Amino acid sequence: MKHDLLHVLTEMKDDFVSGQQLSDRLGVSRTAIWKHMENLRQEGYVIEAVPRKGYQLKRRPETLSEAEIKAGLPTRKIGQTTIYKKSVHSTQTLAKETYREGTPHGTTVVASEQTGGRGRMERPWQSPENTSISVSIIVKPDISLREAPQLTLVTAVAISDALETISKLPVQIKWPNDIYINDCKVAGILTEMQAESDQMQMMVVGIGLNINQKKEQFPADLQNKATSLYIESGQEWSRTQILQALFVSFEQWYDLWIKEGFTQIRKMWEHYAGAYNQPVKVIQGNDTIVGHMLGINNEGVLQLQDQNGQVHLIYSGDLGLLRRGGHQSEHMPNEK
Ligand code: BTN
């Protein structure tokens, strides 16, 4: 029925088609037509209804597909092999399950919706259907295990560059894995690796991006902490276009990192780093260090100077900005 209704609406897309016409043509009541129209609207179809004229299909929801993602994608490797799922538990888990020795570098797993998406420290990550992007990229860097955490920072630069170029919005990185626009989180990164006796086999870079969510579509406790490109710009974005831009940017920054090391990435990371030179608080388990963020060193390790002038090297933890008056912003958007 849904298929038949869409077929007629598409055929008549330059005109209005009345409820009576649809009911005669499809052999169901006008009430049934109305109910199906509502279902289509729920799925993201924009259907105009004008009294005495009828219905007109204005826009279809943007559907992601492997073919669309790969069409004209100007990368050498990233995304050239793509596994697309409409709905999946977690792209990160699927990427790791799918990985075999022969899996090409740059293979991506993309989903329109995740039902069990996860963030850092096993926190849940919300990835609602049709409005977000969930992608995991399999890479095979020839690096030491010590250098592995740098990939999160490389990815943060790649996301920031892609989002800023495409949307012209002010994008900021919050160490180590969060991307912010106007003080709210728009994207998160989860990097995992598989190694055997100190030899890196592969890494999976998971990226969650909030694209077309409206404010009320976020859970109430996240509405002041999380944001989407739609909320910040007031316009809807093509997820395919953003995904392609992300793949291009990721390939460019990843290749630079592999070829020239972390120094170039560091400069760009510090350009985007929101808390650069500001008072911050880093929580590591039960320990908290308060100080000024000096930036990151040439290995990608965070440097924090405490009140006594001592410089701490921070390898992991959660960072919060200390605002004037000592108020801490504890941002964990998309994570319940
Ligand atoms: C974080 O902010 O803690 C990281 C969030 C990472 C979410 C992405 S969405 C794609 C991939 N699949 C997952 O289950 N998680 C990552």
Side-chain angles (χ1 to χ4, degrees), residues 64 69 78-79 82-99 106-139 148-149 151-160 162-163 171-181 183-194 202-213 218-219 221-222 225-229 239 242-243 246-247 250 272 274-275 282-284 316-321 329-336:
L64 287 175
I69 294 164
I78 307 297
T82 285
I83 300 164
Y84 171 72
K85 300 278 176 204
K86 193 170 176 323
S87 179
V88 77
H89 187 69
S90 156
T91 56
Q92 200 74 358
T93 311
L94 184 60
K96 289 199 280 184
E97 283 168 2
T98 321
Y99 176 78
T107 297
T108 66
V109 178
V110 178
S112 193
E113 174 197 44
Q114 292 188 120
T115 51
R118 55 195 171 81
R120 258 179 6 123
M121 301 170 190
E122 297 301 323
R123 294 168 180 140
W125 177 266
Q126 316 262 326
S127 319
E129 197 186 348
N130 290 331
T131 52
S132 63
I133 291 177
S134 305
V135 54
S136 294
I137 308 175
I138 297 174
V139 290
L151 183 55
T152 301
L153 310 183
V154 174
T155 306
V157 167
I159 298 173
S160 304
L163 292 186
V171 181
Q172 287 194 323
I173 298 174
K174 185 164 82 72
W175 181 88
N177 68 326
D178 296 342
I179 310 297
Y180 274 63
I181 297 178
D183 284 340
C184 287
K185 183 163 165 177
V186 71
I189 306 161
L190 175 68
T191 312
E192 294 172 305
M193 65 178 182
Q194 195 168 298
M202 65 102 162
M203 295 182 78
V204 183
V205 186
I207 302 169
L209 286 168
N210 298 329
I211 307 295
N212 288 326
Q213 290 102 319
F218 284 106
D221 56 328
L222 296 183
K225 299 173 182 171
T227 194
S228 69
L229 284 190
R239 288 180 302 157
I242 304 242
L243 205 47
L246 177 67
F247 288 171
F250 182 85
Y272 281 118
V282 175
I283 300 165
Q284 295 179 303
S316 65
D318 278 330
L319 182 136
L321 273 182
S329 71
E330 286 183 83
H331 296 296
M332 285 300 142
N334 281 43
E335 296 158 353
K336 271 200 190 154

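Numbering of ligands and ligand atoms starts at 1, following listing order. Quick caveat, the model's predicted, so the values are computed rather than measured.
- Counting only heavy atoms from C-beta outward, the side chains of S112 and Y84 approach each other to under 4.5 Å.
- More than 12 heavy-atom neighbours from other residues, nucleotides or ligands sit within 6.0 angstrom of NZ on K96.
- Ligand-side atoms of ligand 1 in range of I189: 4 (C), range being under 4.0 angstrom from any heavy atom.
- Counting only non-hydrogen atoms, the option in I133, T91, V88 that gets closest to atom 11 (C) of ligand 1 is T91.
- With a 4.0 Å cut-off on non-hydrogen atoms, Q114 touches ligand 1 through its side chain and not its backbone.
- Considering every non-hydrogen atom in both I138 and Y99, the closest pair reads CG2-CD1, 4.0 Å.
- Side-chain contact check for R120 versus D318: some heavy-atom pair is nearer than 4.5 Å.
- Atoms of ligand 1 found under 4.0 Å from any heavy atom of G119, numbered from 1 in the order shown, are 1 (C), 3 (O), 4 (C), 5 (C).
- Under the 4.0 angstrom criterion for non-hydrogen atoms, S127 is not in contact with ligand 1.
- Heavy-atom contacts of G117 reach the following atoms of ligand 1: 14 (O) (cutoff under 4.0 Å).
- Residue N177 has at least one heavy-atom neighbour below 4.0 Å for each of these atoms of ligand 1: 1 (C), 2 (O), 3 (O), 4 (C).
- The distance from ligand 1 to the heavy atoms of V135 drops below 4.0 Å at these ligand atoms: 10 (C).
- Looking at R118, E122, Q92, it is R118 that brings a heavy atom closest to atom 15 (N) of ligand 1.
- Note: Q114 CD to Q126 CD = 11.0 Å, rounded to the nearest 0.5 Å.
- I78 has its side chain out of reach of L246: every pair of non-hydrogen atoms, C-beta onward, lies at least 4.5 Å apart.
- At least one heavy atom of K185 sits closer than 4.0 Å to an atom of ligand 1.
- When the options V204, I207, T191 are evaluated for a side chain to side chain contact (heavy atoms under 4.5 Å, CB included) with I137, the one that passes is I207.
- Geometrically, ligand 1 and S90 share a nitrogen or oxygen pair separated by less than 3.5 Å.
- The shortest N or O to N or O distance between W125 and ligand 1 is not below 3.5 Å.
- Listed here is the closest heavy atom pair of T115 and S87: CG2-OG, 3.9 Å.
- Of all atoms in ligand 1, numbered sequentially from 1 with element shown, those under 4.0 Å from a heavy atom of R120 are 1 (C), 3 (O), 4 (C).
- Every residue meeting the ring-ring contact (aromatic ring centres under 6.0 Å, His included) condition with F250, not counting sequence neighbours, appears here in chain and number order: Y254.
- Every atom of ligand 1 is numbered from 1 in the order shown, and the set under 4.0 Å from a heavy atom of I207 is 8 (C), 9 (S), 10 (C).
- Here is the list of ligand 1 atoms found below 4.0 Å of a heavy atom in S136: 11 (C).
- Contact annotation for T93 and ligand 1: no heavy atom of the residue comes within less than 4.0 Å of the ligand.
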Evaluate the criterion side-chain hydrogen bond (donor to acceptor under 3.5 Å, both in side chains) for residue pair Q213 and S132; output intermediate values, then yes/no. CA-CA 7 Å; Q213 290 102 319; S132 63; 4.8 Å; no
